[in-house]
*Asks:* 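Sharing a structure here in structure tokens format.
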Amino acid sequence: MKTSNFHLVTQREVPSDAEIVSHQLMLRTGMIRKLTSGIYTWTPLGLRVLRKVEQVVREEMDAAGCLEMLMPSVQPAELWQETGRWEDFGPLLLKMADRAGREFAFGPTHEEVITEFARGEVRSYKQLPICFYQIQTKFRDEIRPRFGVMRAREFLMKDGYSFHIDDDCLDRFYQVMYRTYSRIFERLELRFKAVTADSGAIGGAVSHEFHVLADSGEDQIAHVPDSGYAANVEQAEAIAQGERAEPTEALRLVDTPNARTIADLVEQFDQPIEKTVKTLVVAASDDIDADFIALLVRGDHELNAIKAEKLPQVATPLRMAGEEEIRAAIGAGPGSLGPIKLPIPCIADRQVALMSDFSAGANTDGKHYFGINWERDLALPDSADLRNVVAGDPAADGSGNLALIRGIEVGHIFQLGRKYSEAMNAVVMDENGRGIHPAMGCYGIGVSRIVAAAIEQNHDDNGIIWPEPMAPFDVVLLPLNAKKSHRVRELADRLYAELGAAGLDVLMDDRPLRPGVMFADAELIGIPHHLVIGDRGLDNGVVEYRRRGAEAREIPIDEIGAWFDRVKTKDALSR
RNA sequence: CGGGGUGUAGCGCAGCCUGGUAGCGCAACUGCUUUGGGAGCAGUAGGUCACAGGUUCGAAUCCUGUCACCCCGACCA
């Protein structure tokens, strides 16, 4: 490709509404253009990258025996009503109606469609196991789209669905997908981590997320650096540490008129934050005879909403009580709540159950109790794992202490079980001629998100540094002053033809621009290999080779042939 | 959904307070010079000032409404 025939429109200035570096660089390089909130056009430059990622994904899925197909993005409401997700998916689902008033959704995922497909097509155990996948545009009406294509409403996703005669087969195939995903991210040369993830509503189901590691990531991962343990903080189990000490302080009621938060309490009364308890009031489930339930967490800990929702006593989705609701139920405002004489049921975090001599609100405005001790001052409530883990906590598997890092979720694999095959009555005949619901797995990869995640992980002040397998071009030729220099033009043309014939994606910058502009653009768009052809080098019989992000070196012109041979095996380029 | 902010040329912004018919930098176009790290000079083109209504002799500017986009929050006791 020659620049003169391409659409290369770079910008020096950073668009004002781009917050993170990948979004800024994708706009500055011209890879994407925003059409409206959370919806982007991929330009020819951006599409080249997207296609390369797609191709790696496709090759590895095919190698694992999966079959590519393409399902409709517009899906009838009835299908979603069959599984109850027409309501459950909520406002994330983009709904629309046709001229006759029939309702449709733009697909955010395809479990319903694939199950509908399978119940018509897959009838016998002899056809199993089977895995279908597609690479397709999805739409989720996100609450707050942000960070460009990182969290867009419309995005490109690879979604795969497998069907199995039994759970053993599903589990074995799941392991194949785990390895396939690892291989995909290895091939894309991304630093990543597979973590155990929230297993959702289906008990016992297994789920892993694949995260590209980057400080700007929206997800937190808890892992033990020297062991294999890694989990999303959403689901990492918090282990209580230590034993409950004997009481040393007397219980006392203290006037705390200006202490409405834990921070106030710590500051004004010199309380160590680890000796304070937060009382969070949430809506109770129908299972218990109360409208609200209190959850106790140590002052420096955070409630984990997903863990809380799993408690049978707590309503799903989790809903925090409003101030007026709290006053009506307890008689005091938020800021003065605590476990003593609490008129509603309560559950303590495991760590809270081990505390002694702690402080908490007195359920009277402007008063707190200090020196509270379980079993002496009040009964020990039920306890559960309610909080997020923090750095230094012991890992649930006992393999060491947790460190927290940030990641961008780019893949998620899941053992669905029979949720959809049962809800939609997909049936296959087993060896005994008996109809059974097949076990299913589903496997997603955020193709467009990978592009942004790769930039987050690989850039410098000059621009993007693409991992080679997803670079829009392998090599860029930069002929300097080609307009005037016949020999520069001639060598550039020759190299362009030969590199192209060797199977490389070559970009030749044939714009009559000053060298600085050409260098800056080549670096901004992140092409891995640069060949600079100028009179100065030709006088010495050399061209200049630069690996993006590394020092330049000279290659004698008469050795370019040998250099080619190494170029042809792309791996050698990076050395 | 709640709070805040911003809409002026492709991009980044000024002008608005104090009303008088729109400007700067980058990008683009033409010509000449320049050519190994985002050139110089001269010239050109591009704007219903988000939209609607109102006030006024006169509105980018003041008032009202609408829309769009961005940020923060929706774990706070």
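Order of the sequence lines fixes the chain letters, A, B, ..., with proteins taken first and strands second; residue numbering starts at 1 for each chain.
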*Asks:* Have a look at A/A520 and say if it touches a base, only the backbone sugar-phosphate, or nothing, with a 4.0 Å heavy-atom cut-off.
*Replies:* base
*Asks:* Which one, B/U35, B/A39, B/C71, comes nearest to the side chain of A/V517?
*Replies:* B/A39
*Asks:* Fit a plane to each ring of A/F473 and A/F6, take the angle between them on a 0 to 90° scale, and name the class: parallel (under 30°), tilted (30 to 60°) or perpendicular (over 60°).
*Replies:* perpendicular
*Asks:* Quick check for you: among B/G38, B/C75, B/G36, whose closest atom lies nearest to any side-chain atom of A/D521?
*Replies:* B/G38
*Asks:* Which residues pass the salt bridge (Lys or Arg N to Asp or Glu O under 4.0 Å) test with A/R350, sequence neighbours left out?
*Replies:* A/E237
*Asks:* Name the closest nucleotide to the A/S37 side chain, picking from B/C72, B/A77, B/C69.
*Replies:* B/C69
*Asks:* Please state the C1' separation for the pair B/U8 and B/G2 - nearest whole angstrom.
*Replies:* 30 Å
*Asks:* Pick the P atom in B/G23 and in B/U56, then give their distance to the nearest Å.
*Replies:* 29 Å
*Asks:* Rounding to the closest angstrom, what is the interatomic distance between B/G15 and B/C72 at atom P?
*Replies:* 25 Å
*Asks:* Looking only at the side chain of A/K484 (C-beta and beyond, no hydrogens), which of the listed nucleotides B/U35, B/C75, B/C72 gets closest?
*Replies:* B/U35
*Asks:* Would the number of heavy atoms belonging to other residues, nucleotides or ligands and lying under 6.0 Å from CG of A/D539 be above 12?
*Replies:* yes
*Asks:* Need one value for A/K34: base, sugar-phosphate or nothing, where a base atom within 4.0 Å counts as base even if backbone is also close, heavy atoms only.
*Replies:* sugar-phosphate
*Asks:* For A/E554, does the CD atom have more than 12 heavy-atom neighbours from other residues, nucleotides or ligands under 6.0 Å away?
*Replies:* no
*Asks:* Describe the nucleic acid contact of A/A321 in one word from base, sugar-phosphate, nothing, applying a heavy-atom distance below 4.0 Å.
*Replies:* base
*Asks:* What is the distance from NE2 of A/H7 to C1' of B/A28, rounded to the nearest Å?
*Replies:* 13 Å
*Asks:* Grab the NZ-P distance between A/K483 and B/U34 for me, whole Å please.
*Replies:* 11 Å
*Asks:* Can you measure A/L8 atom CG to B/G38 atom P for me and round it to whole angstrom units?
*Replies:* 18 Å
*Asks:* Under 4.0 angstrom, heavy atoms only, what part of the nucleic acid is A/R260 near: base, sugar-phosphate, or nothing?
*Replies:* sugar-phosphate
*Asks:* Do the side chains of A/E249 and A/K275 get close enough for a salt bridge, i.e. N-O under 4.0 angstrom?
*Replies:* no
*Asks:* Provide the distance between the two C1' atoms, one in B/C49 and one in B/U35, to the nearest whole Å.
*Replies:* 40 Å
*Asks:* For B/A50 versus B/C69, give the span between their C1' atoms, rounded off to a whole number of Å.
*Replies:* 10 Å
*Asks:* When you measure from the side chain of A/I143, which nucleotide among B/A74, B/A77, B/G36 comes out closest?
*Replies:* B/A74
*Asks:* Taking atom types as modelled, is there a side-chain donor on A/H530 or A/E544 under 3.5 Å from an acceptor on the other?
*Replies:* no
*Asks:* Could you measure between the two C1' atoms, the one in B/A45 and the one in B/A59, and give it in whole Å?
*Replies:* 27 Å
*Asks:* Rounded to the nearest Å, what distance is computed from the CG atom of residue A/L27 to the C1' atom of nucleotide B/A27?
*Replies:* 16 Å
*Asks:* If I take atom CD in residue A/E218 and atom C1' in nucleotide B/C75, what distance separates them, rounded to the nearest angstrom?
*Replies:* 17 Å
*Asks:* Need one value for A/L318: base, sugar-phosphate or nothing, where a base atom within 4.0 Å counts as base even if backbone is also close, heavy atoms only.
*Replies:* nothing
*Asks:* May I ask you to verify if any side-chain N or O of A/R144 is less than 4.0 angstrom from the OP1 or OP2 atom of B/C72?
*Replies:* yes
*Asks:* Which base, if any, makes a Watson-Crick or G-U wobble pair with B/C32, both distances under 3.5 Å?
*Replies:* B/G40
*Asks:* Roughly how far apart, to the nearest Å, are B/C24 and B/A9 at atom P?
*Replies:* 14 Å
*Asks:* Crowded around A/E267 CD? As in, over 12 foreign heavy atoms under 6.0 Å?
*Replies:* no
*Asks:* At a heavy-atom distance below 4.0 Å, what parts of residues 9-20 of chain A sit against RNA chain B?
*Replies:* A/Q11, A/R12, A/E13, A/V14, A/P15, A/S16, A/D17, A/E19
*Asks:* Both A/T36 and A/V281 contact RNA chain B. Which one's nearest nucleotide lies toward the 5' end?
*Replies:* A/T36
*Asks:* Between B/U61 and B/U55, how many Å separate the two C1' atoms, rounded to a whole number?
*Replies:* 13 Å
*Asks:* Starting from the 5' end of RNA chain B, give me the residue, A/L513 or A/N388, whose nearest nucleotide shows up first.
*Replies:* A/L513
*Asks:* For the side chain of A/E544, starting at C-beta, report the closest nucleotide among B/U35, B/A77, B/G36.
*Replies:* B/G36
*Asks:* With side chains defined as the heavy atoms from C-beta onward, is the minimum distance between A/H368 and A/S359 less than 4.5 Å?
*Replies:* no
*Asks:* Looking across every strand, which nucleic acid part, if any, lies under 4.0 Å from A/G361 by heavy atom: base, sugar-phosphate, or nothing?
*Replies:* nothing
*Asks:* What is the distance from CD of A/Q24 to P of B/C71, rounded to the nearest Å?
*Replies:* 12 Å
*Asks:* What integer distance in Å separates A/E309:CD from B/C75:C1'?
*Replies:* 12 Å
*Asks:* Between A/R48 and A/M1, is a side-chain contact (heavy atoms from CB on, under 4.5 Å) present by the stated rule, with each step listed?
*Replies:* CA-CA 12 Å; A/R48 280 181 161 260; A/M1 181 61 68; 4.2 Å; yes
*Asks:* Flag yes if more than 12 heavy atoms outside A/D287 fall under 6.0 Å of its CG atom; otherwise flag no.
*Replies:* yes
*Asks:* Scan every strand shown for a Watson-Crick or G-U wobble partner of B/G10, both distances under 3.5 Å, and answer none if you come up empty.
*Replies:* B/C26
*Asks:* Quick check for you: among B/U35, B/G36, B/C72, whose closest atom lies nearest to any side-chain atom of A/L480?
*Replies:* B/G36
